[in-house]
Amino acid sequence: MELKSTKTLSGFIELLPAQQRCFDECAARMQRVLKTAGFAHLDLPAIERAEVLTDKDNWDEIETQMFLFQKGDTKMGLRYDGTVGLSRYVAGHINDLVFPFRAYQFARNYRGERPQRGRYREFYQMDLDIMGIDTLSENYDAEIVATLANAYGAVQEFIGPVNIRIGNRRFWNALFEKLNLTEQQQRAAFILIDKKDKIKDFYDGLVDEIGVDAADEINKVFSNGCRSFAGASSDIDAAITEMDNFMSLLDSMGIKNAKIDLGIMRGHSYYTGIVFEFFLDRFPELGAIGGGGRYENLTSKFSKTKIIGVGAAVGFSRLMVALMDDNKIDLSSFEQPVKAAVLVMGAEQVQYAMGVLADLRNAEIVSVPYLDAGKKFKNQVEFADKIKARFSLIVGENERKNNVLSVKDMLSGTQQTLDIKSTIELLKTV
RNA sequence: GCGGAUGUAGCUCAGCUGGUUAGAGCGUUGGUUUGUGGUACCAAAUGUCGCCGGUUCGAAUCCGGUCAUCCGCCCCA
């Protein structure tokens, strides 16, 4: 019989047990930080109506980017990030929620694009957002960034320290206005600035799009800093003041690893104010490991009420898989979860062994039995060794008759005979 | 959608200037007197060499096509 492939579909991820434990631990720690900051956990549907996911009508074109399908007359698709579903959710439950509304999601998202390194078709993303009706203070922007920084801080022992770069769309909009750029020129300039670090002919490209004079002004932002434009216009001043305020709020919350970098743009067109990206100090080559910003009008297609938000997303799978694949995370602490392997020598001992197992578990000792009692004892010890059990608890005829256990220390190889109570005491102290 | 690379045992790969029964390491199973693992030694099992076609006396090896995977673009809603 021909064997079927055991490989996952391209772009899909699965982890080995130790990796998964590490993944779960990091996910739990980061979520705990968000819960402490009062973010409500939302677990929204993975499938949305196609019209929620896209405004485009060209089914063939968007099918290359998303997973779309049809049941009866309903076109639907898998969500590609948390923001779209959240917008629908908030707009739909506007009377049931208290604003400013803060929520986080930790969920799988799906993209239909062709996979490549660090880009998957199915991945976990952590989204956190604060949304307000009509107004939402820019002070929340700082709170979002500080909260996310703390979430990364909770897993610092695995991923190392992060640094934060802060951009500001408002500043650029004000500058573009001042430079009298057309809408088309603004869009072109946006894209070039966003890709600034990736492309070589940044300046030449700018000149092509918006002319020498404007290109020189934009270059000045990167050479002399945004402050050199102080007084150029009231909008520019307001943007600079906004950034100053933002940075001092971060400082108040103990976040010292942030700096302004106006090259940070973010690809999404919906951002309107502060934008930010997080990077790893130790592995800058991984690129942004999370980011976000302030947006407006994201819910306009669902509600007439104006909802303003600031949010962030963490590419959690991408981050963890990139680090684990290159052995940048030490998994040794995740490889030894079993405290006791209960080895059973002969079917007559099974009943006694099961009682021992229940006692161990009541005492919250992670314990695993080997219940093929007819197997050679050698195989049983080998099993205990392979699962890296700290102790083997041997149950043979003698042990059962005397109501004791042979407790073998798998590191030293030494062995002693103890009753169940003393065994549990020993295991709890190790 | 475009470009590059790769497809050989469960896994990682060698073999590829064409030539008898296709190899290694790891893993798996069994054994080294059967109540004791991590080391060592011995042995065994497993492949239509991705698929289709062509060249040839002869193809894992050369050529064409196709599919798949990986990498890089495009795209990034």
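All figures in this text were calculated on a predicted structure; none of them were measured in a lab. In what follows, chains carry the letters A, B, and so on, assigned in the order in which the sequence lines appear, proteins first and then strands, with residues in each chain numbered from 1.
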Starting the side chain at C-beta, find the nucleotide from [options] nearest to [X].
{"X": "K378(A)", "options": "C75(B), U32(B), A77(B)", "result": "U32(B)"}
{"X": "K195(A)", "options": "G30(B), U36(B), C74(B)", "result": "C74(B)"}
{"X": "V381(A)", "options": "U36(B), A77(B), G72(B)", "result": "U36(B)"}
{"X": "R111(A)", "options": "C76(B), G35(B), U36(B)", "result": "C76(B)"}
{"X": "K376(A)", "options": "U36(B), G35(B), G30(B)", "result": "G30(B)"}
{"X": "F377(A)", "options": "C74(B), U36(B), G37(B)", "result": "U36(B)"}
{"X": "S10(A)", "options": "C70(B), G72(B), G35(B)", "result": "C70(B)"}
{"X": "R114(A)", "options": "G1(B), A77(B), C74(B)", "result": "G1(B)"}
{"X": "R119(A)", "options": "C75(B), G35(B), U69(B)", "result": "C75(B)"}

Sugar-phosphate only, base, or nothing, as touched by I387(A) at under 4.0 Å among non-hydrogen atoms: nothing
Sugar-phosphate only, base, or nothing, as touched by K386(A) at under 4.0 Å among non-hydrogen atoms: sugar-phosphate
Donor-acceptor contact below 3.5 Å, side chain W172(A) vs main chain L262(A): yes
Backbone N/O of S332(A) and side chain of D330(A): donor-acceptor pair under 3.5 Å: yes
Opposite nucleotide pairing with [N], Watson-Crick or G-U, both atom distances under 3.5 Å:
{"N": "G27(B)", "result": "none"}
{"N": "A5(B)", "result": "U69(B)"}
{"N": "A22(B)", "result": "none"}

Using whole Å, report how far [atom1] of [X] lies from [atom2] of [N].
{"X": "I191(A)", "N": "A77(B)", "atom1": "CD1", "atom2": "P", "answer": "10 Å"}
{"X": "L78(A)", "N": "C76(B)", "atom1": "CG", "atom2": "P", "answer": "20 Å"}
{"X": "Q349(A)", "N": "U36(B)", "atom1": "CD", "atom2": "C1'", "answer": "16 Å"}
{"X": "F67(A)", "N": "A77(B)", "atom1": "CZ", "atom2": "P", "answer": "18 Å"}

Report yes or no: do [X] and [Y] form a side-chain donor-acceptor pair below 3.5 Å?
{"X": "N150(A)", "Y": "T147(A)", "result": "no"}
{"X": "N168(A)", "Y": "E242(A)", "result": "yes"}
{"X": "S406(A)", "Y": "E399(A)", "result": "yes"}

Could you give the distance separating [M] and [N] at their [atom1] atoms, to the nearest angstrom?
{"N": "G18(B)", "M": "G58(B)", "atom1": "C1'", "answer": "8 Å"}
{"N": "G31(B)", "M": "C67(B)", "atom1": "P", "answer": "49 Å"}
{"N": "G54(B)", "M": "A60(B)", "atom1": "P", "answer": "15 Å"}
{"N": "C51(B)", "M": "C57(B)", "atom1": "C1'", "answer": "26 Å"}
{"N": "A24(B)", "M": "C49(B)", "atom1": "C1'", "answer": "16 Å"}
{"N": "A5(B)", "M": "A9(B)", "atom1": "C1'", "answer": "24 Å"}
{"N": "C16(B)", "M": "C63(B)", "atom1": "C1'", "answer": "14 Å"}
{"N": "U32(B)", "M": "A68(B)", "atom1": "P", "answer": "50 Å"}

Presence of Q380(A) side-chain N/O under 4.0 Å of G37(B) phosphate oxygens OP1/OP2: no
Aromatic ring pairing F278(A)/F276(A), orientation class (parallel under 30°, perpendicular over 60°, tilted between): perpendicular
